[in-house]
Participant: 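Dropping a structure here in structure tokens format, bear with me for questions.
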Amino acid sequence: MFYLLRYALIFIFLIGMLPAKAQQTNLNMLEHDAKPYYFGITLAANQSAYKLEHSPAFLATDSIMVAEPMKTMGFNLGLLANARLSEHFDLRFNPQLIFASKNLYYRESYPKSQDTEKKIESILLSFPLQIKFKSDRIGNMRVYTIAGLKYDYDLASNARLRRAEDLVKVKKSDYGYEVGAGFEFYFESFIFAPEFKISNGFGNVHVKDPNLRYSNVIDKLQSRMIVFSIHLEG
């Protein structure tokens, strides 16, 4: 996550070093700023994991020595609807289909010493509603920040419930917050908008079951995700 944010800051610095003359020529889509609303599509890559809190049973057991979250990569597909509120503020709705995997790593000492990885695959319908604060245009470029809330529904959760008994169950629904920043580059007929954001869950999605040994050592699971998106807007 920190490496991605570092690259984002470097990118911002390089953009700021562009000559002012180059940024002021051939202004594209000047009429776009007055549009009351517009639409787009989203393509994104994500890095996701769980924030894990151990249960008291973890300290009491000697069969599972380590239980840790793992970071994995996934991708997003989405639509975008943007409504103009004022000169610098927009309301944005960005529903997405998210393919993610938040795996868990276990080190066991019983019945035999081994390392185990539990895959928790998710197909999420995500519904984020965000407030977008945008700067003045600098030639054909603009900087913006976003903040908002989201609701996620896991389409794959029912499939997990039908699998073997050594799984870790998670809830279908989650809710959380999103914050991020991006750029808008204006071309003749579309806007190219790269964006970094953090998308974290508020709720505990772990379904506790003392009869499941891999689940028994966990108290809370909260979703954590960093996303790099490309928005193509019209």
Side-chain angles (χ1 to χ4, degrees), residues 1-2 4 44-78 94-130 147-180 197-227:
M1 180 182 296
F2 292 108
L4 292 174
N46 68 71
Q47 183 187 73
S48 58
Y50 280 125
K51 178 183 177 182
L52 185 151
E53 292 186 17
H54 297 99
S55 70
F58 176 72
L59 298 177
T61 184
D62 58 358
S63 62
I64 295 180
M65 308 303 296
V66 176
E68 296 178 345
M70 303 176 66
K71 296 179 180 179
T72 54
M73 300 299 296
F75 65 95
N76 309 16
L77 302 172
N94 189 203
Q96 298 182 31
L97 184 64
I98 301 175
F99 298 87
S101 181
K102 305 180 187 74
N103 300 341
L104 301 176
Y105 166 77
Y106 296 87
R107 180 175 298 164
E108 303 178 64
S109 60
Y110 180 83
K112 63 179 180 179
S113 179
Q114 63 180 4
D115 294 337
T116 302
E117 180 180 338
K118 289 297 174 184
K119 294 185 177 181
I120 305 179
E121 297 177 348
S122 297
I123 303 175
L124 301 172
L125 283 177
S126 183
F127 301 97
L129 187 64
Q130 303 156 349
L149 300 175
K150 65 167 185 171
Y151 170 76
D152 293 340
Y153 184 83
D154 192 349
L155 298 174
S157 63
N158 287 338
R160 283 194 296 272
L161 295 177
R162 293 193 297 267
R163 293 180 184 174
E165 294 183 356
D166 59 351
L167 48 75
V168 176
K169 298 179 182 179
V170 295
K171 299 176 182 177
K172 295 180 181 180
S173 299
D174 192 18
Y175 56 94
Y177 69 93
E178 296 189 330
V179 293
K197 73 176 180 182
I198 295 172
S199 179
N200 292 342
F202 286 132
N204 176 19
V205 297
H206 180 228
V207 178
K208 296 182 180 180
D209 190 334
N211 297 317
L212 304 178
R213 65 189 304 264
Y214 293 111
S215 181
N216 189 37
V217 297
I218 298 172
D219 183 29
K220 293 183 179 180
L221 291 174
Q222 293 177 297
S223 63
R224 296 291 183 263
M225 185 178 294
I226 184 168
V227 184

Participant: Should the heavy atoms of other residues, nucleotides or ligands under 6.0 Å from OH of Tyr110 be counted, would the total exceed 12?
Facilitator: no
Participant: Could you go through the salt bridge (Lys or Arg N to Asp or Glu O under 4.0 Å) check for Lys150 and Asp174 one step at a time?
Facilitator: CA-CA 8 Å; Lys150 65 167 185 171; Asp174 192 18; 5.4 Å; no
Participant: Roughly how far apart are Ile120 CD1 and Lys118 NZ, rounded to 0.5 Å?
Facilitator: 9.5 Å
Participant: Is a donor on one side and an acceptor on the other found under 3.5 Å between the side chain of Asn103 and the backbone of Lys71?
Facilitator: no
Participant: So, the side chain of Thr116 versus the backbone of Tyr105: is there a donor-acceptor pair under 3.5 Å, distance only?
Facilitator: no
Participant: Do Arg224 side-chain atoms and Gly201 backbone N/O form a donor-acceptor pair below 3.5 Å?
Facilitator: yes
Participant: What's the verdict on side-chain hydrogen bond (donor to acceptor under 3.5 Å, both in side chains) for Asp209 and Ser215, showing C-alpha distance, side-chain angles and the deciding distance?
Facilitator: CA-CA 6 Å; Asp209 190 334; Ser215 181; over 6 Å; no
Participant: Side chains of Gln96 and Ser126 only: does a donor on one sit below 3.5 Å from an acceptor on the other?
Facilitator: no
Participant: Quick one about Tyr214 and Glu108 (side-chain donor to acceptor, distance below 3.5 Å, no hydrogens or angles considered), yes or no?
Facilitator: yes
Participant: What distance separates Ile218 CD1 from Lys169 NZ, expressed to the nearest 0.5 Å?
Facilitator: 13.5 Å
Participant: Dump the intermediate steps for side-chain hydrogen bond (donor to acceptor under 3.5 Å, both in side chains) on Asn200 and Tyr177, then the final yes or no.
Facilitator: CA-CA 6 Å; Asn200 292 342; Tyr177 69 93; 2.9 Å; yes
Participant: Is it true that, when you exclude Lys220 itself, more than 12 heavy atoms of the residues, nucleotides or ligands shown sit nearer than 6.0 Å to its NZ?
Facilitator: no
Participant: Nearest 0.5 Å please: distance from the CG atom of Asn46 over to the CZ atom of Phe75.
Facilitator: 9.0 Å
Participant: Where the side chain of Gln222 meets the backbone of Phe202, is there a donor-acceptor pair that is under 3.5 Å apart?
Facilitator: yes
Participant: How far does NE2 of His54 sit from CG of Asn216, to the nearest 0.5 angstrom?
Facilitator: 12.0 Å
Participant: Tell me every residue that passes salt bridge (Lys or Arg N to Asp or Glu O under 4.0 Å) with Lys197, counting only those two or more places apart in sequence or in another chain.
Facilitator: Glu178
Participant: Report the distance from atom NZ of Lys171 to atom CG of Asn204, rounding to the nearest 0.5 Å.
Facilitator: 5.5 Å
Participant: Atom OG of Ser48 and atom CE of Met225: how far apart are they, to the nearest 0.5 Å?
Facilitator: 4.5 Å
Participant: Please check if any side-chain donor atom of Asp115 sits under 3.5 Å from a side-chain acceptor atom of Tyr106, or the reverse.
Facilitator: no
